[in-house]
Amino acid sequence: MRWSDSFIPTLRDAPADATAASHQLLVRAGFIRQLHSGHYSLLPLGLRVHNKVADIVRAEMDAIGAQEFLLPAMHPGDLWRRSGRWGVMGSEMFRLRDRNDTDVVLGMTHEEVFATLAAEMSSYRELPQTWYQIQTKFRDEPRPRSGLLRVREFMMKDSYSFDMDEAGLEDSFEAHREAYHKVFERLDLEVMAVQASSGAMGGDASVEFMVASPVGEDDVARCSRCGYRANIERARAAVPSLDDPPAGDAPERFATPGIRTIEALVSFEGGAPADRQIKTMVMVLDDQLTLVVLRGDHQLNLQKLADCSGAIDVRPATAAETLAELGANPGSLGAVGIDHLPIYADEALRGRRSMTTGANADDWHVRGVDVERDIIDPRWADLREVAAGEACVDCGNPLEIVRCIEAGHIFKLGRTYCEAMGVSVLDDNGVAQIPIMGSYGIGIGRAMAAVAETHHDERGLCWPVAIAPFEVVITVLDASDEAQSAAGEELRSGLAALGVDCLYDDRPLRPGVKLADAELVGVPYRVTVGARSLAQGNVELMQRSTRETRLVSVDEAVAVTAAEVGANRR
RNA sequence: CGGGAAGUGGCGCAGCUUGGUAGCGCACCUGCUUUGGGAGCAGGGGGUCGUGGGUUCAAAUCCCGCCUUCCCGACCA
């Protein structure tokens with residue numbers, strides 16, 4: 001490909017509203033352009049990378065025996081009503097009506113459609129099956145951000161396994177886990193497989209593949225000693241037990257004028273340290289006002305609350321709702337003696353005595369609270385968010401919290417979708433059985449952005465050979481010089497003949513511009529043809545990531561470059 | 001949806017406080033010179049100043065509404 005014929009609109013300045021490195025560089029280097037919020041056009045360079053990522057994913061899926069499909073992006077609304085997710089997905093699902101006033105949706109995921117196809121299976125002999133596609137998903141994200149990292153329209157490889165039983169699902173799940181590790185290794189992404197919450201997808205086990213990056217949107221708790229790794233939405237840590245003095249016979253009310261926060265009560269005369277306070281939060285779980293209590297110095301993780309309650313919509317109550325139900329404002333709330341509202345209590349409060357909490361009257365607290373005696377029939381759950389430095393539950397080592405990009409996610413789904421879609425097969429006894437399903441996803445554009453995020457320097461992108469838009473760029477410094485362009489042409493045709501993916505920079509521009517562009521675009525190898533080296537019969541082979549340069553004779557340049565590229569293709 | 005910021009040629013910005021009909025750098029076109037790390041000179045093209053309304057003799061500038069985009073939080077590949 002000749003650069004002079006290509007549409008590679010590089011920019012000297014990044015757009016002002018791009019903050020993530022991958023976003024800035026993909027725009028500057030001419031890979032993507034925004035159409036509107038959360039929707040990006042892939043330019044020729046961007047599509048090349050995208051296709052190479054997709055090809056790697058496809059190859060690894062094929063390698064575990066998965067079969068490729070292509071399903072519609074637009075679905076009948078009724079399909080989603082049957083699975084029950086018409087309601088669950090809320091406003092994140094794009095919905096529209098056709099000319100007959102029929103509800104249609106843009107697919108966010110394809111469990112329903114694949115299950116519909118699976119309904120054609122009728123015998124256990126046809127199982128297991130693993131099906132996948134690489135297809136556009138639409139999600140009306142509340143906040144698209146960071147270029148390709150979080151968008152509303154994106155290509156996802158989504159796969160679905162159908163097995164007769166849990167053991168089969170386990171095999172399919174493990175096959176995917178292995179395949180995903182191979183995919184990310186080929187993309188040169190260092191991933192951590194972590195325990196995760198299943199969220200709106202349902203199901204009981206899920207593993208996320210996380211790439212550490214400050215621009216990520218997830219936090220992972222990690223133990224560097226024993227390897228414990230979990231999304232903060234599921235992570236646990238050991239809480240040292242505290243020795244409480246015995247509580248009195250009953251909680252005691254005391255005046256706390258103006259005290260509205262945990263911290264304020266710590267320093268208040270007659271108050272209590274934060275770990276001897278009970279924090280009371282008023283939440284609304286699917287329209288049900290609910291109290292959530294934690295230790296004063298602990299933080300609530302909303303996803304944990306959603307997971308243990310099964311609620312779809314979880315939000316803090318408004319001050320008005322709180323006042324109406326409890327008769328006090330935030331800062332003076334407590335769960336002691338409350339019997340008309342559901343109460344969730346964090347495990348760390350079990351057995352605690354002599355605790356202090358709000359009295360449900362402004363400017364009053366109660367102390368001497370025995371949690372299990374005074375809080376009526378709470379539902380116990382792990383609700384607290386792990387903090388950095390807390391002890392690993394497995395080995396006691398301090399945990400670290402790492403910001404991550406979620407590059408892939410695998411779920412054990414169970415039988416819900418098959419049941420809803422009427423999928424059943426006869427087993428070897430002629431008895432109808434509902435297959436068990438798994439679902440597995442990798443965002444192609446997100447993976448591409450994650451690579452850009454982790455493979456760049458101050459000059460631009462540094463693509464791994466496996467997914468680089470081109471493997472080699474031949475930079476002819478002075479395209480008007482006959483000797484240089486002759487040498488360049490020879491390299492170009494020689495490398496092309498060996499199947500090397502080559503960009504030939506024959507533009508009549510100043511050398512500085514061409515060298516800077518080559519590095520911005522991030523082609524992993526550059527062969528520089530210039531008068532200085534050529535006079536000695538040499539060209540220069542530079543590796544983008546290290547910027548190591550070596551002189552290679554013109555005669556050997558094709559073979560040496562092709563070998564170097566070949567060795568790094570994976 | 002809560003909080004913050006911003007919309008002026010392709011990109012980055014100034015102008016707005018104190019209204020007078022739009023400017024700078026990069027990019028682009030033409031010519032000449034230049035050619036190993038984002039050249040120089042000369043000439044040139046391109047903007048309903050997000051949008052609707054209002055105030056005014058006059059609005060990029062002042063006032064009101066709306067739209068859009070970005071950033072921080074709650075959601076997901």
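The chains referred to below are lettered A, B, ... by the order of the sequence lines, with proteins before strands, and numbering in each begins at 1. Atoms considered below: every heavy atom in the structure, side chains included; atoms not considered: hydrogens, waters and symmetry mates.
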Handout entry: A:E185, CD: over 12 other non-hydrogen atoms inside 6.0 angstrom
Key = no
Problem - Residue closer to the 5' end of RNA chain B, A:A20 versus A:L149 (nearest nucleotide) - result: A:A20
Handout entry: N/O donor-acceptor pair, side chain A:R12 with base B:C11, under 3.5 angstrom
Key = no
Handout entry: Protein-nucleotide distance (A:L11, atom CG; B:C11, atom C1'), rounded to Å
Key = 5 Å
Fill in the blank from the handout: Side-chain contact check for A:L302: nearest option of B:C75, B:C71, B:C76 is B:C75
Handout entry: Exercise: do A:E208 and A:N231 side chains pair donor with acceptor under 3.5 Å
Key = yes
Fill in the blank from the handout: Considering only heavy side-chain atoms of A:A516, the closest of B:G37, B:C71, B:A77 is B:G37
Handout entry: Donor + acceptor pair across side chains of A:E453, A:H23 (<3.5 Å)
Key = no
Problem - Side-chain H-bond candidate by donor/acceptor type, A:S83 with A:E112, under 3.5 Å - result: yes
Exercise for the section: Starting from P on B:A39, measure out to CG on A:L477 and report it in whole angstrom. Expected result: 13 Å
Handout entry: Stretch residues 518-534 of chain A: residues that reach within less than 4.0 Å of RNA chain B through a heavy atom
Key = A:E519, A:R526, A:G530, A:A531, A:R532, A:S533
Handout entry: Residue pairs passing the salt bridge (Lys or Arg N to Asp or Glu O under 4.0 Å) test where at least one lies in residues 535-552 of chain A, sequence neighbours excluded
Key = A:D457-A:R544, A:E519-A:R547, A:R550-A:E564
Exercise for the section: Looking at every strand, decide which applies to A:D481 at a 4.0 Å heavy-atom threshold: base, sugar-phosphate, or nothing. Expected result: nothing
Handout entry: OP1 or OP2 of B:G37 under 4.0 Å from side-chain N/O of A:R510
Key = no
Problem - Spacing of A:E458 atom CD relative to B:G38 atom P, expressed in whole Å - result: 16 Å
Problem - Distance-only donor-acceptor test (3.5 Å): side chain A:R143, base B:C76 - result: no
Practice task
Identify whether any heavy atom of A:R33 sits under 4.0 Å from a base atom; if not, whether one sits that close to sugar-phosphate; answer base, sugar-phosphate or nothing.
Solution key: nothing
Handout entry: Opposite nucleotide pairing with B:C62, Watson-Crick or G-U, both atom distances under 3.5 Å
Key = B:G54
Practice task
Using the closest heavy atom to pick a nucleotide of RNA chain B for each, name whichever of A:G408 or A:T19 lands nearer the 5' end.
Solution key: A:T19
Problem - A:Q299 CD - B:G73 P separation (whole Å) - result: 14 Å
Problem - Any donor-acceptor N/O pair under 3.5 Å between B:C75 base and A:R315 side chain - result: no
Practice task
Ignoring hydrogens and angles, state whether a donor on the side chain of A:S480 or A:D478 is under 3.5 Å from an acceptor on the partner side chain.
Solution key: yes
Completion exercise
Checking N1-N3 plus N6-O4 or O6-N4 for Watson-Crick, or N1-O2 and O6-N3 for wobble, each under 3.5 Å, the partner of B:G37 is none
Problem - Test applied, side chain to side chain contact (heavy atoms under 4.5 Å, CB included); reference residue, A:M108; option that passes from A:M89, A:K137, A:M156, A:H75 - result: A:M89
Practice task
Taking atom types as modelled, find out whether A:H176 and A:S159 have a side-chain donor-acceptor pair closer than 3.5 angstrom.
Solution key: yes
Exercise for the section: Kindly confirm or rule out a cation-pi arrangement of A:R95 over A:W86, judged by NZ or CZ under 6.0 Å from the six-membered ring centre and within 45° of its axis? Expected result: yes
Handout entry: Main-chain N/O of A:E233 paired to A:S197 side chain as donor or acceptor, under 3.5 Å
Key = no
Practice task
Specify the residues of residues 35-56 of chain A, ordered by number, for which at least one heavy atom lies under 4.0 angstrom from an atom of RNA chain B.
Solution key: A:H36, A:S37
Practice task
Check whether any side-chain N or O of A:Q303 sits under 4.0 Å from OP1 or OP2 of B:C75, and answer yes or no.
Solution key: yes
Exercise for the section: Tell me what A:A18 touches on the nucleic acid: a base, only sugar-phosphate, or nothing, going by heavy atoms under 4.0 Å. Expected result: nothing
Practice task
For A:P15, answer base if it contacts any base atom (sugar-phosphate contacts may also be present), sugar-phosphate if it contacts only those atoms, and nothing otherwise; contact means non-hydrogen atoms under 4.0 Å.
Solution key: sugar-phosphate
Practice task
Classify the side chain of A:D478 and the base of B:G36 as holding, or not holding, a donor-acceptor pair under 3.5 Å.
Solution key: no
Problem - Base-pairing assignment for B:A6 (Watson-Crick or G-U wobble, both under 3.5 Å) - result: B:U68
Practice task
For A:D158, answer base if it contacts any base atom (sugar-phosphate contacts may also be present), sugar-phosphate if it contacts only those atoms, and nothing otherwise; contact means non-hydrogen atoms under 4.0 Å.
Solution key: nothing
Exercise for the section: Find the distance A:R152:CZ to B:C75:C1' and express it as a whole number of Å. Expected result: 14 Å
Completion exercise
The Watson-Crick or G-U wobble partner of B:C16, with both key distances under 3.5 Å, is none
Exercise for the section: Would you state whether a donor and an acceptor, one from the side chain of A:E217 and one from the base of B:G73, lie under 3.5 Å apart? Expected result: no
Problem - Nearest-Å distance for atom pair NE2/P, residues A:H110 and B:C76 - result: 18 Å
Exercise for the section: May I ask which nucleotide in the shown strands pairs with B:C76, Watson-Crick or G-U wobble, both distances under 3.5 Å? Expected result: none
Practice task
Return the nucleotide paired to B:A42: Watson-Crick means purine N1 to pyrimidine N3 with N6-O4 or O6-N4, wobble means G-U with N1-O2 and O6-N3, both under 3.5 Å.
Solution key: B:U30
Exercise for the section: Check if the side chain of A:D13 and the base of B:C13 share a donor-acceptor pair of N or O atoms closer than 3.5 Å. Expected result: no
Exercise for the section: Whole angstrom is fine here: how far is it from CD1 in A:I8 over to C1' in B:C28? Expected result: 18 Å
Handout entry: Sugar-phosphate only, base, or nothing, as touched by A:E540 at under 4.0 Å among non-hydrogen atoms
Key = base
Handout entry: Minimum heavy-atom distance between A:P9 and A:R33, given as atom pair plus value
Key = O-NH2, 2.8 Å
Practice task
Ignoring backbone atoms, test whether A:Q34 places a side-chain nitrogen or oxygen under 4.0 Å from the OP1 or OP2 oxygen of B:C70.
Solution key: yes
Exercise for the section: Figure out the CD1/P separation between A:I32 and B:G10, and round it to whole Å. Expected result: 19 Å
Exercise for the section: Quick one: closest heavy-atom pair of A:M155 and A:I134, and the distance? Expected result: CE-O, 4.2 Å
